Chemist: 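The structure is given below, and queries will be raised subsequently.
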Protein chains: 2
Amino acid sequence: MATVGEVSESTPSWDPYTRGCPSRDVLDQIGSKWAVLVMGELGRHGARRFTQLRQQLGGISEKMLTQTLRTLERDGLILRTVYPEAPIRVEYELTPLGQTLRGPLKALTEWSTQHIEEVVDARKKYDERTEK
Amino acid sequence: MATVGEVSESTPSWDPYTRGCPSRDVLDQIGSKWAVLVMGELGRHGARRFTQLRQQLGGISEKMLTQTLRTLERDGLILRTVYPEAPIRVEYELTPLGQTLRGPLKALTEWSTQHIEEVVDARKKYDERTEK
DNA sequence: CTGAATCCGCTATGATACTG
DNA sequence: CAGTATCATAGCGGATTCAG
């Protein structure tokens, strides 16, 4: 994911859309496959545990889940709480900042569900038109 | 990018959020780095040519640009028009369907610009808290 | 239970050269 | 100009193993 925002006609020597633009990094991250799913899951429910997420996300490896959670935590989007019980329990939930992202994310996913048929249709036509 | 939409508590055996769900494919694509930039560029201007895009996107390789454009075209989001002049001219522009995506995309990118400082700040604190 | 660490194949991406 | 073809490479992401 990356910024779609305003880019001036006069492209600056330091292009804000390639490297070095922070907002690009963020969107690349939250736009990644698992990050969206994790955010979505934590958005719908209040707090989830590691294994709980792992199961409900269906198919994510421990490595990727950990990696995704760490990055989101670092970005201040989710909160990680450790309960030193036995066995240990760790819960993840959206931070206030993370909450503000729910809207934009929802807009995009709703678009996908609303227009998916048109896209599938377009693909079909494109393929027919092409592969012969 | 992936669907953040409604997932039921009772995860079905065929998990709509992993593989096989069309809307996931779409979001993964339009959420990709270059796709967002291309859509943004074509959204702000009416129509752009290949080289024009290549320059304004700053740093994209010909291969990636072609690939991105092809996929977006296949998904029915952009229109590709060839003018058989000499030298040849090809223009790309958003389709009506592509236009409907501008809003959601804008919401996300605006979020990133509005909250980028909080994120950067969170990262800084996380790093300080961690690396020692 | 939660996750860190490691190995590793595969794909995505980029640089380059070539074509219509 | 607008690509295609080829090759090289980094890093994603998965499987497995180990640890607190």
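Predicted, not measured: the structure shown is a model, and the values here were computed from it. Each chain gets a letter, A, B and so on, in the order its sequence line appears, and its residues count up from 1.
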Chemist: Base, sugar-phosphate or nothing for B/Tyr83? Non-hydrogen atoms, less than 4.0 Å.
Modeler: nothing

Chemist: Between B/Arg80 and B/Tyr92, is there a side-chain donor-acceptor contact under 3.5 Å, judged purely by atom types and distance?
Modeler: yes

Chemist: Picking from D/dG13, C/dG3, C/dA15, which would you name as closest to the side chain of A/Lys63?
Modeler: D/dG13

Chemist: On DNA chain D, compare the nucleotides closest to A/Met64 and B/Arg89; which residue's is nearer the 5' end?
Modeler: B/Arg89

Chemist: Which of these nucleotides, D/dA2, C/dG14, C/dC1, is closest to any side-chain atom of A/Arg49?
Modeler: C/dC1

Chemist: From CG of A/Leu37 over to C1' of D/dG13, roughly how many Å is that when rounded to an integer?
Modeler: 14 Å

Chemist: Please work out if B/Arg54 contacts a base, only the sugar-phosphate, or nothing of the nucleic acid, heavy-atom cut-off 4.0 Å.
Modeler: nothing

Chemist: Does D/dC1 have its OP1 or OP2 closer than 4.0 Å to a side-chain nitrogen or oxygen of B/Arg48?
Modeler: no

Chemist: Between D/dC12 atom C1' and A/Trp34 atom CH2, what is the distance in whole Å?
Modeler: 13 Å

Chemist: Can a salt bridge be assigned to the pair B/Lys125 and B/Asp121 using a cut-off of 4.0 Å between side-chain N and carboxylate O?
Modeler: yes

Chemist: Could you check how far CG of B/Leu57 sits from P of C/dT13, rounded to whole Å?
Modeler: 14 Å

Chemist: Counting heavy atoms from C-beta on, name the nucleotide in D/dG3, C/dG14, C/dG3 closest to the side chain of A/Tyr92.
Modeler: C/dG3

Chemist: Ignoring hydrogens and angles, tell me if any N or O in the side chain of A/Arg44 forms a donor-acceptor pair with the backbone of A/Gly40 under 3.5 Å.
Modeler: yes

Chemist: Just compare D/dG14, C/dA17, C/dG20 and give me whichever is closest to any side-chain atom of B/Ile88.
Modeler: C/dG20

Chemist: Answer with base, sugar-phosphate or nothing: what part of the nucleic acid does A/Arg70 contact at a heavy-atom distance below 4.0 Å?
Modeler: sugar-phosphate

Chemist: Of the options C/dG14, D/dA2, D/dT17, whose atoms approach the side-chain atoms of A/Glu62 most closely?
Modeler: D/dT17

Chemist: Judged by each residue's nearest nucleotide on DNA chain C, which is more toward the 5′ side, B/Gln67 or A/Phe50?
Modeler: A/Phe50

Chemist: Name the residue from A/Leu57, A/Val38, A/Ile78 that meets the side chain to side chain contact (heavy atoms under 4.5 Å, CB included) definition with A/Thr68.
Modeler: A/Val38

Chemist: Measure the distance from CD on B/Glu73 to P on D/dA2 and round it to the nearest whole Å.
Modeler: 15 Å

Chemist: Round to the nearest Å and state the distance from B/Glu85 atom CD to D/dA2 atom P.
Modeler: 10 Å

Chemist: Separation of A/Leu69 atom CG from C/dA4 atom C1', in whole Å?
Modeler: 14 Å

Chemist: Picking from C/dG14, D/dT4, D/dC1, which would you name as closest to the side chain of B/Ser61?
Modeler: C/dG14

Chemist: Take atom NZ of A/Lys33 and atom C1' of D/dG13, then tell me their distance rounded to the nearest Å.
Modeler: 9 Å

Chemist: Keeping the roles fixed (side chain from B/Gln67, backbone from B/Met64), state whether a donor-acceptor pair exists under 3.5 Å.
Modeler: no

Chemist: Rounded to the nearest angstrom, tell me the gap between atom CD1 in A/Ile60 and atom P in C/dG3.
Modeler: 12 Å

